[in-house]
Amino acid sequence: MPTLKSRRDFLAADRGMRIVTPAFILLVQPNACGAARAGFTASRRLGPHVQRNRARRRLRELARLLKAEAVAGADHVFIARPAVLDRPFPVLLADGRRALAAARRRLGA
RNA sequence: CCACACAUCCGGGCGGCCGCGGGCCGGUCCUGUCGGCAGGGCGGGCUCGAGGAAAGUCCGGGCUCCACGGAUCGGCGGUGGCGGGUAACACCCGCCGGGGGUGACCCCAGGGAAAGUGCCACAGAAACCACACCGCCGCCCGGCCCGGGGCAUCCCCGGGUGGCGGUAAGGGCGAACCGGUGCGGCAAGAGCGCACCGCGGCCCCGGCGACGGGGUCGGCACGGCAAACCCCACCGGGAGCAAGACCGAAUAGGCGCGCAGCGAUCCUUCGGGGAUCGGCGGCUCGAUCCGGCCGGCGCGCGGGUGGGUCGCUCGAGGCGCGUGGCGACACGCAGCCCCAGAGGAAUGGCCGCCCCCCUCCCCCAAGGGGACAGAACCCGGCUUACAGGGUGUGUGGCACA
RNA sequence: CGGAGCGUGGCGCAGCCUGGUAGCGCAUCAGACUGGGGGUCUGGGGGUCGCAGGUUCGAAUCCUGUCGCUCCGA
């Protein structure tokens, strides 16, 4: 799955729908390129670089495992919240699955 | 055995499955090409993949640009015992001096206060250059007061007050005040004299030196603060890999307006188009100068500013051994090793065994957890953060032989 | 990557350069004026000077380190 890099893509996703979970916020916005893409954000509020890196890696692993349930033709931006650092990974996985289901439901409706 | 000091090292280990970044090598498909081959897509194999601090960015360098090189001054900034190590340093080693500790050992911005300026609050008599508050001592006894004696408006004695002089030992103030202790001395005292200690000058000896030791003289004068200004000695151009280089038409070339187009000579397609010299202006923090280099200026329009490649990791490199040195370190070797190099940026998820920690004083079980922290041009240091542990040397104490 | 600045009562700021007393405004508390409120006047309380060392007799002030925040340039 391609990764979002440019600031413009992130700003575009910010205009889409928001799904809030304890560990992250998911933004979903249909894009022009047709493929499902993902982007990750870990701000300085999470702490120093070690913690920002770890938050981004866990979210990336989450996206990798849930790639099949992504919304086709849409950008998915994962914004890390502090809880992502110590939330058990199976719980995190359930959060992500629930968030993607909600996105598909709202978009399909 | 207990307590402590110093040095040094490690920074969870092993394995399985899925995934990520770099490099190398095959396979397959597509495009271009006569072909060799080049580019791209898909899918595999092998291999490497964070730290001792990667951090803070506090110093020192390499490297690159400012065209290049140099001198002086001023300013600014830094350093500050001595000797050495080093590419260099504010780092490191050894030594000296001072301070702390029973000791091993630790700490010190540690030049100059008789070059000058400034400050030293409050208290206190007085805060740095001299004075003298209380007190002590001597003299004057003239005046006044008190007490006592003599029969006495008068005389005598003692005390207080007062005046003149001596004194700096004592008191009181303070962070600090005519060096400290003792003896002699004196009316009382004082380096006034003497001894020891401290201080200062000179001489001798030892040491490369900081400095140390000894002698002699002085007779105490010379308080503290330079992390106050300052003085002295030494050092220092500026910017930073978004440096910068190459490819591409690409910080250029073009158009318009305004101002200016200086002097001399020459060429001329006669257009202020060009050349030489002078002048003027500019040239990487300031000023001046020398050589040198560059040069119409301003505003607007238009164009460009999202590309690719290099710089980019093999280096003052790490390990081992030997030699020299107290040591920092240096030198040498048929020796061994290659250890991240990125597109805004790769290490993650799950599981098993072992190790350690926590919950509760111990044991078992169960549960939870794994210090500080993430490379971005590269080195040498410093500083700061850090669970826990290993090794070596030494000191003090206790016990035993 | 480079540079500059700021942390002082609840809030906003002086004081720092040139070291000895921490001050101002708003807010807050008490009293007075008023029937009550507002407002005015008078009086009062409240500060580890971000933190840790050092220099000094003495540090908010000087020096070093450290933490946090803000801004600027490429």
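Within every chain, numbering begins at 1; the chains are lettered A, B, ... in the order of the sequence lines, protein sequences first and strands thereafter. Computed from a predicted structure; not experimentally measured.
Look at A:Glu61 and A:Arg64 and you find a salt bridge, because one of the NZ, NE, NH1 or NH2 atoms lies within 4.0 Å of a carboxylate O, short of that distance.
The CZ-C1' distance, from A:Arg87 to B:C350, rounds to 18 Å in whole Å. For the pair A:Arg64 CZ and B:U347 P, the computed distance is 11 Å after rounding to whole Å. Distance A:Leu93 CG to B:G349 P: 13 Å, rounded to the nearest Å. Remark: P of B:C20 and CZ of A:Phe40 are 13 Å apart, rounded to the nearest angstrom.
Nucleotide B:C82 is matched to B:G94 when pairs are restricted to Watson-Crick or G-U wobble geometry with both distances under 3.5 angstrom. The nucleotide B:A3 finds its pairing partner in B:U395, both defining distances of the Watson-Crick or G-U wobble pair being shorter than 3.5 Å. The nucleotide B:G256 finds its pairing partner in B:C299, both defining distances of the Watson-Crick or G-U wobble pair being shorter than 3.5 Å. If you check B:A249 for Watson-Crick or wobble pairing at under 3.5 angstrom, you find it has no partner at all. Pairing partner, B:G271: none, since no Watson-Crick or wobble contact has both distances short of 3.5 Å. When both pairing distances are held under 3.5 Å, B:C136 makes a Watson-Crick or G-U pair with B:G166.
Sorted by first then second residue, the ring-ring contact (aromatic ring centres under 6.0 Å, His included) pairs that include residues 80-106 of chain A, not counting sequence neighbours, number zero.
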Please lay out, stage by stage, how A:Leu27 and A:Met17 fare under the test side chain to side chain contact (heavy atoms under 4.5 Å, CB included). CA-CA 6 Å; A:Leu27 305 178; A:Met17 75 171 74; over 6 Å; no

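Of the C1' atoms belonging to B:C339 and B:G22, the separation is 14 Å, rounded to the nearest Å. As rounded to the nearest Å, C:C72 and B:G98 have C1' atoms that lie 48 Å from one another. For B:G99 and B:G85, the P atoms lie 32 Å apart once the distance is rounded to whole Å. Taking the P atom of each, B:U161 and B:C136 are spaced 9 Å apart, rounded to whole Å. When the C1' atom is compared between B:A375 and B:A340, the two are found 8 Å apart, to the nearest whole Å. Rounded to whole Å, the separation between the P atoms of B:G236 and C:G9 comes to 47 Å.
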Toss me the dot-bracket line for RNA chain C: Watson-Crick and G-U wobble, both under 3.5 Å, 5' to 3', using | for pairs to another strand and [ ] for crossers. (((((((..((((......[..)))).((((((.....)))))).....(((((..]....)))))))))))).

Which protein N or O atoms sit under 3.5 Å from an N or O of nucleotides 54-58 of chain B?
none

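For A:Pro88, the side chain to side chain contact (heavy atoms under 4.5 Å, CB included) criterion is met by A:Pro90, A:Val91, not counting sequence neighbours. For A:Arg52, the side chain to side chain donor-acceptor pair (under 3.5 Å) test picks out no residue, with sequence neighbours left out. Every residue meeting the salt bridge (Lys or Arg N to Asp or Glu O under 4.0 Å) condition with A:Arg87, not counting sequence neighbours, appears here in chain and number order: A:Asp95. For A:Gln29, there are no side chain to side chain donor-acceptor pair (under 3.5 Å) partners at least two apart in sequence or on another chain. Under the ring pair (Phe, Tyr, Trp, His ring centres under 6.0 Å) criterion, A:Phe78 pairs with A:Phe24, A:Phe40, not counting sequence neighbours.
Syn is the conformation of B:G52, whose glycosidic angle sits no further than 90° from 0.
Proximity of residues 52-59 of chain A to RNA chain B (heavy atom under 4.0 angstrom from any strand atom) is restricted to A:Asn53, A:Arg54, A:Arg56, A:Arg57, A:Arg58.
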